[in-house]
Amino acid sequence: MDLVETLGVEIGVRQAGTPAAGRAAEAVADAFREAGLEPRFHEFDLLGYEADEPELEIEGQRWDAGPCMYANPTDGTVEGDVRRLGTHSIGGFFPEADIFAIEDDQGRELARLHMSPFGGAAIPFLTGVRQIAVGPTVFISGADSQRLRGMDGAHGRLKVGGRFVPGCVERNVVAELPGESADAIVLSAHYDSVWRGPGVIDNATGVEGLRRLAERFAGREHPRTLVFAAFAAEEIGCIGSRQYVFDAEITGELERIKACVNLDCIAHGERFELMASPPALAERLHELAKQLELDTRYELNVGGAGPGVDAFAFHEKGIPAATLAHFPYDEYHLPSERLELVDEQALGDSVELAVLLVESLLAEPMQPESS
């Protein structure tokens, strides 16, 4: 089974809380079974969100805008003057991004315009502090953000639509390969996609990489247990991985998890991002990449674990965590993600690096960050 085609083409758009996401979970479970594992579903309740396409005009001209997940809708169309508020970064490898407000003639904020987090096209994304909903918000492209910097006081009109969908249930797909010890390493990738995005690169490639890891490690004896986890609802705030960590902490299961190796966007991108913490894990990952001579094929960018990926939920609990990703790329979170973009060499190299890292952690566990 090739999960890039199954998830990215046959199923396509698979937003969290939708029937398509349910079909994706079943496909991943089937792939785990083919690899000789016995998958289970870790279910959790979810408040879903159905976004409408935003309508944005600046000085009477229509501008592209991507929806913000969990944004409250406007009451019809709001209009007023545009003012730049400043910049914000989620952290990690996310750069600073401009934020603008549309204000009425009394200076009251009506809505916000956020620059796309990596400066590319106007994409669907999410923002705000850790709460369910934010005010009316959309994302604009990096180029339009630069234009708007020179248009302070421009007249803007915006319509934001969306609906909150209660009663959704999402499922992480989990399969365990028992080792001599119950101490475990989690190998992960998320299987959901964004609004109108088929998620071929983000992240059918990562789930396919996870499937290949399952095939490589199944049928062999290991000193420690391997847990393969395909997480749901990553695109709306890494909800699946956070719920998994939260529940594991409640039951005491988190105590046996000694590391997380996460795959996200592993077959197309400008750089090979190696994001790992603590620093000793980042150094080990870098050395393994050089051992495979990946530094001769890719621009390697080595840094600490950061937000926006599923490994971060483990890192926040002091668990050594690493994410492998090829990033950025122009088609990120857009309908133009397609099968032709997949670089099999990059996908294969990512899997080989992950294999070496997991084998290294099996042989020589990394000390927790709190130690």
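We use all heavy atoms of the structure for the numbers below, so side chains are in, but hydrogens, waters and symmetry mates are not.
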Transitive ILVMFWY side-chain link V342 to L263, under 4.5 Å: yes
Heavy-atom side-chain contact between V173 and F41 under 4.5 Å: yes
Distance (rounded to the nearest 0.5 Å) between T87 OG1 and I99 CD1: 7.5 Å
Same cluster (ILVMFWY, side-chain, under 4.5 Å), I257 and V261: no
Identified side-chain hydrogen bond (donor to acceptor under 3.5 Å, both in side chains) counterpart of H268 within the set E331, H326, E340, E337: E331
Check: E57 main-chain N/O paired with R157 side-chain donor or acceptor under 3.5 Å: no
Y332 and F118 aromatic ring geometry - parallel, tilted or perpendicular at 30°/60° bounds: perpendicular
Minimum side-chain heavy-atom gap F246-L254 below 4.5 Å: no
Path from L3 to L339 over hydrophobic side-chain contacts below 4.5 Å: yes
Residue of the set I185, V186, L37 for which side-chain contact (heavy atoms from CB on, under 4.5 Å) holds with F228: L37
Steps toward side chain to side chain contact (heavy atoms under 4.5 Å, CB included) verdict (C68, H114): CA-CA 9 Å; C68 176; H114 284 231; over 6 Å; no
Lys/Arg-Asp/Glu bridge criterion (N-O < 4.0 Å) met for E352, R297: no
Side chains of I319 and V245 in contact at under 4.5 Å (non-hydrogen atoms): no
Residue E221 excluded, over 12 heavy atoms near CD under 6.0 Å: no
Side-chain donor-acceptor pair present, D349, Y298, cut-off under 3.5 Å: yes
Main-chain N/O of G179 paired with H222 side-chain donor or acceptor, under 3.5 Å: no
Sidechain N-carboxylate O distance under 4.0 Å for E359, R220: yes
Donor-acceptor pair, side chain of D192 and main chain of R14, under 3.5 angstrom: no
Side chain proximity check, F231 to E170, heavy atoms < 4.5 angstrom: no
Residue pair P73 / K159, side-chain heavy-atom distance below 4.5 Å: no
Test item: S188 side-chain N/O and A229 main-chain N/O as donor-acceptor pair under 3.5 Å: no
Side-chain (N72) to main-chain (V134) donor-acceptor, under 3.5 angstrom: yes
Enclosure of D183 CG (heavy-atom neighbours >12, cutoff 6.0 Å): yes
Pairing of E287 and K290 as salt bridge, 4.0 angstrom limit: yes
Verify same cluster id: V13, I201 (apolar side-chain graph, 4.5 Å): no
Neighbour count above 12 (heavy atom, 6.0 Å) for E59 CD: yes
Pairwise side-chain contact, L285 with L324, heavy-atom cut-off 4.5 Å (strictly under): yes
Test: R242 and E316 ion pair at under 4.0 Å: yes
Beyond-backbone contact of F100 with S145, side-chain heavy atoms, under 4.5 angstrom: yes
E273 CD to E299 CD distance, which is reported to the nearest 0.5 Å: 8.5 Å
Pairing of R23 and E26 as salt bridge, 4.0 angstrom limit: no
Non-hydrogen side-chain atoms of D202 and Y329 separated by less than 4.5 Å: yes
Joint hydrophobic cluster, Y244 plus L47, side-chain heavy atoms closer than 4.5 Å: no
Main-chain N/O of A51 paired to W195 side chain as donor or acceptor, under 3.5 Å: yes
Donor-acceptor pair between D295 and H286 side chains, under 3.5 angstrom: no
Salt bridge present between R163 and D52 (N-O < 4.0 angstrom): yes
Side chain to side chain donor-acceptor pair (under 3.5 Å) evaluation trace for H42 with Q243: CA-CA 9 Å; H42 169 238; Q243 188 71 51; 5.4 Å; no
